[in-house]
Amino acid sequence: MAANNRRMSGKKGAQVGSGGQRRRGLEGKGPTPPAEMRKGHAKQRAAQAKARRAQGRTTQRRGGRSASELVVGRNPVVEALREGVPASTLYVQQFIDNDERVREALQLAAERGGINLMEAPRPELDRMTNGLNHQGLVLQVPPYEYAHPEDLVAAAHDEGEDPLIVALDGVTDPRNLGAVVRSVSAFGGHGVLVPERRAAGMTAGAWKTSAGTAARTPVARATNLTRALEAYKKAGVLVVGLAADGEAELGDVEALDGPVVIVVGSEGKGLSRLVGETCDVRVRIPMPGGAESLNAGVAAGIVLYEAARRRS
């Protein structure tokens, strides 16, 4: 009996069941996800690195943004609003004398829409304008979104046309930039290229001179103008520089009916040395009247007219 008890004591008692966990564990969990979606997989790391590189290229392609600008004074504010200069906020001094210019500024801002009207005390406007004579009116112009130099060529190709671009070298007057933008728009060009430093940008003055054409004519900004021109040359675009001592006359350059970028220098100094050396050909504009030089806006307009005439 004792032996029998010993044998029975070695038997296992009741066991806790799995509750079906083992059976569920054997069931399928669906199709295996692609390697690119598996955490830690080499292909997922490679895909993430590729996405980061692509994002970096997208960021580098942007031409950048300018700083916001303030237009100060009753007459400048009214003129900017009349000419359609982009604006985000119109600041009006509290208890201001309500003359015709103030009323017109308020009316124009209301008619255009999208412009915030802010009433501010005089000390606040003095602080914003660093003590300039704002006369109770200050207009804030939002930053300009520059294109990338490659975008100008791409836009021409998208339209099935040969690129026609104007590049400015050492042009520091925003009014000249605005005049060039207006001429590019008038003669079917695809944009304007300016250097990032020591050059005019798309300020309120440039917008006013462009007479509204800046809204449909892109302006690109290059960190280095020479490298941007070299990139154009590699893309098959002829680089034509305007110079008083150019080796060819404008009428003799037959390539104007093809892909071309026209480089215009400053009225006093002309093309810089590196930019001049980068040009495929330097062209002079014949001037029987004996003038020594033309400003950038006029010179660009003459060459753009000739290019448009040959392309028509």
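The basis for the numbers below is simple: all heavy atoms, side chains too, and nothing from hydrogens, waters or symmetry mates. Quantities reported herein were computed from a predicted structural model and do not represent experimental measurements. Residues: numbered from 1 along the sequence shown.
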Student: With sequence neighbours left out, what residues match D162 under salt bridge (charged side-chain N to carboxylate O under 4.0 Å, His left out)?
Tutor: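 Residues passing salt bridge (charged side-chain N to carboxylate O under 4.0 Å, His left out) with D162: none at all.
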Student: Any idea which heavy atoms bring A222 and A228 closest together, and the distance?
Tutor: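 Smallest interatomic distance, heavy atoms only, reads CB-CB, 3.8 Å.
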Student: Quick one: does any side-chain atom of D151 pair with a main-chain N or O of A220 as donor and acceptor, under 3.5 Å?
Tutor: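 No.
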Student: Would you find more than 12 non-hydrogen atoms of other residues, nucleotides or ligands less than 6.0 Å from E254 atom CD?
Tutor: no
Student: Please walk me through it: do C279 and L271 pass side-chain contact (heavy atoms from CB on, under 4.5 Å)?
Tutor: CA-CA 10 Å; C279 295; L271 299 176; 4.3 Å; yes
Student: Looking at P163 and A156, what are the two nearest heavy atoms and their distance?
Tutor: CA-CB, 3.6 Å
Student: Roughly how far, to the nearest 0.5 Å, is the OG1 atom of T209 from the CG atom of L177?
Tutor: 8.5 Å
Student: State plainly whether one hydrophobic cluster holds both V141 and Y91, where clusters connect Ile, Leu, Val, Met, Phe, Trp and Tyr through side-chain heavy atoms under 4.5 angstrom apart.
Tutor: no
Student: For residues G201 and A206, report the shortest heavy-atom separation together with the two atoms involved.
Tutor: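 In this case the closest contact between G201 and A206 is O-CB, 3.8 Å.
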Student: Answer yes or no: does atom CG of D158 have more than 12 heavy-atom neighbours from other residues, nucleotides or ligands under 6.0 Å?
Tutor: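 Correct, the count exceeds 12.
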Student: Would one find more than 12 heavy atoms of other residues, nucleotides or ligands at under 6.0 Å from atom CZ of R310?
Tutor: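 Enclosed: over 12 neighbouring heavy atoms sit under 6.0 Å from CZ of R310.
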Student: Have a look at V166 and tell me which of L304, L193, V263 forms a side-chain contact (heavy atoms from CB on, under 4.5 Å) with it.
Tutor: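 It is L304; the other options fail the test.
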Student: side-chain contact (heavy atoms from CB on, under 4.5 Å) with H134: which of V77, L139, V72, V71?
Tutor: V72
Student: How about CZ on R175, more than 12 heavy atoms from neighbouring residues, nucleotides or ligands closer than 6.0 Å, or not?
Tutor: no
Student: Taking all atoms of both residues into account, what is the closest heavy-atom pair of S210 and V181, and its distance?
Tutor: CB-CG1, 4.1 Å
Student: Could you walk me through whether V78 and L81 pass the side-chain contact (heavy atoms from CB on, under 4.5 Å) test, one step at a time?
Tutor: CA-CA 5 Å; V78 171; L81 290 170; 5.8 Å; no
Student: Could you report the tightest heavy-atom contact between A307 and L164, atom names first, then the distance?
Tutor: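 A307 and L164 have their closest heavy atoms at CB-CD1, 4.0 Å.
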Student: Any salt bridge linking R282 with D245? Criterion: basic side-chain nitrogen under 4.0 Å from a carboxylate oxygen.
Tutor: yes
Student: What distance separates M118 CE from Q94 CD, expressed to the nearest 0.5 Å?
Tutor: 10.5 Å
Student: NE2/H148 to CZ/R221 distance, rounded to the nearest 0.5 angstrom?
Tutor: 12.0 Å
Student: Under 4.5 Å between any side-chain heavy atoms of H190 and P218, yes or no?
Tutor: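 Not in contact.
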Student: Run the salt bridge (Lys or Arg N to Asp or Glu O under 4.0 Å) check on E79 and R82 step by step: do they pass?
Tutor: CA-CA 5 Å; E79 291 173 5; R82 285 176 183 169; 5.7 Å; no
Student: Between R311 (side chain) and G258 (backbone), is there a donor-acceptor pair under 3.5 Å?
Tutor: yes
Student: Taking the side chain as everything from C-beta on, heavy atoms only, tell me whether D169 gets closer than 4.5 Å to V264.
Tutor: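 Counting from C-beta outward, D169 and V264 never come under 4.5 Å.
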Student: Applying side-chain contact (heavy atoms from CB on, under 4.5 Å), run through L90 and N116 and close with a yes or a no.
Tutor: CA-CA 6 Å; L90 174 61; N116 299 317; over 6 Å; no
Student: Do the side chains of F187 and V219 join up, straight or via other hydrophobic residues, at under 4.5 Å, putting them in one cluster?
Tutor: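 Yes, one cluster joins them.
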Student: With rounding to the nearest 0.5 angstrom, report the CD to CD distance, E124 to E119.
Tutor: 12.5 Å
Student: Check the surroundings of atom CD in E100: do more than 12 heavy atoms from other residues, nucleotides or ligands lie under 6.0 Å from it?
Tutor: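 Atom CD in E100 is not crowded, with 12 or fewer foreign heavy atoms closer than 6.0 Å.
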Student: Would you please test R309 and E306 for salt bridge (Lys or Arg N to Asp or Glu O under 4.0 Å) and show each step?
Tutor: CA-CA 5 Å; R309 185 184 66 82; E306 180 66 16; 2.6 Å; yes
Student: From L256 CG over to I262 CD1, what is the distance, rounded to the nearest 0.5 angstrom?
Tutor: 6.0 Å
Student: Treating S185 as the side-chain partner and R182 as the backbone partner, does any N or O pair qualify as donor plus acceptor under 3.5 Å?
Tutor: no
Student: Heavy-atom count check: over 12 atoms from other residues, nucleotides or ligands less than 6.0 Å from R74 CZ?
Tutor: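 Enclosed.
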Student: Evaluate side-chain contact (heavy atoms from CB on, under 4.5 Å) for Q107 paired with R103, printing each intermediate quantity in order.
Tutor: CA-CA 6 Å; Q107 181 180 354; R103 289 193 293 270; over 6 Å; no
Student: Look up atom CG in N176 and atom CG in N295, then write down how far apart they are to the nearest 0.5 Å.
Tutor: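 Answer rounded to 0.5 Å: 4.5 Å.
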Student: Tabulate below the donor-acceptor pairs under 3.5 Å that side-chain atoms of residues 229-240 make, not counting sequence neighbours, or state none.
Tutor:
from	atom 1	to	atom 2	distance (Å)
Y232	OH	P149	O	2.7
K233	NZ	T278	O	2.8

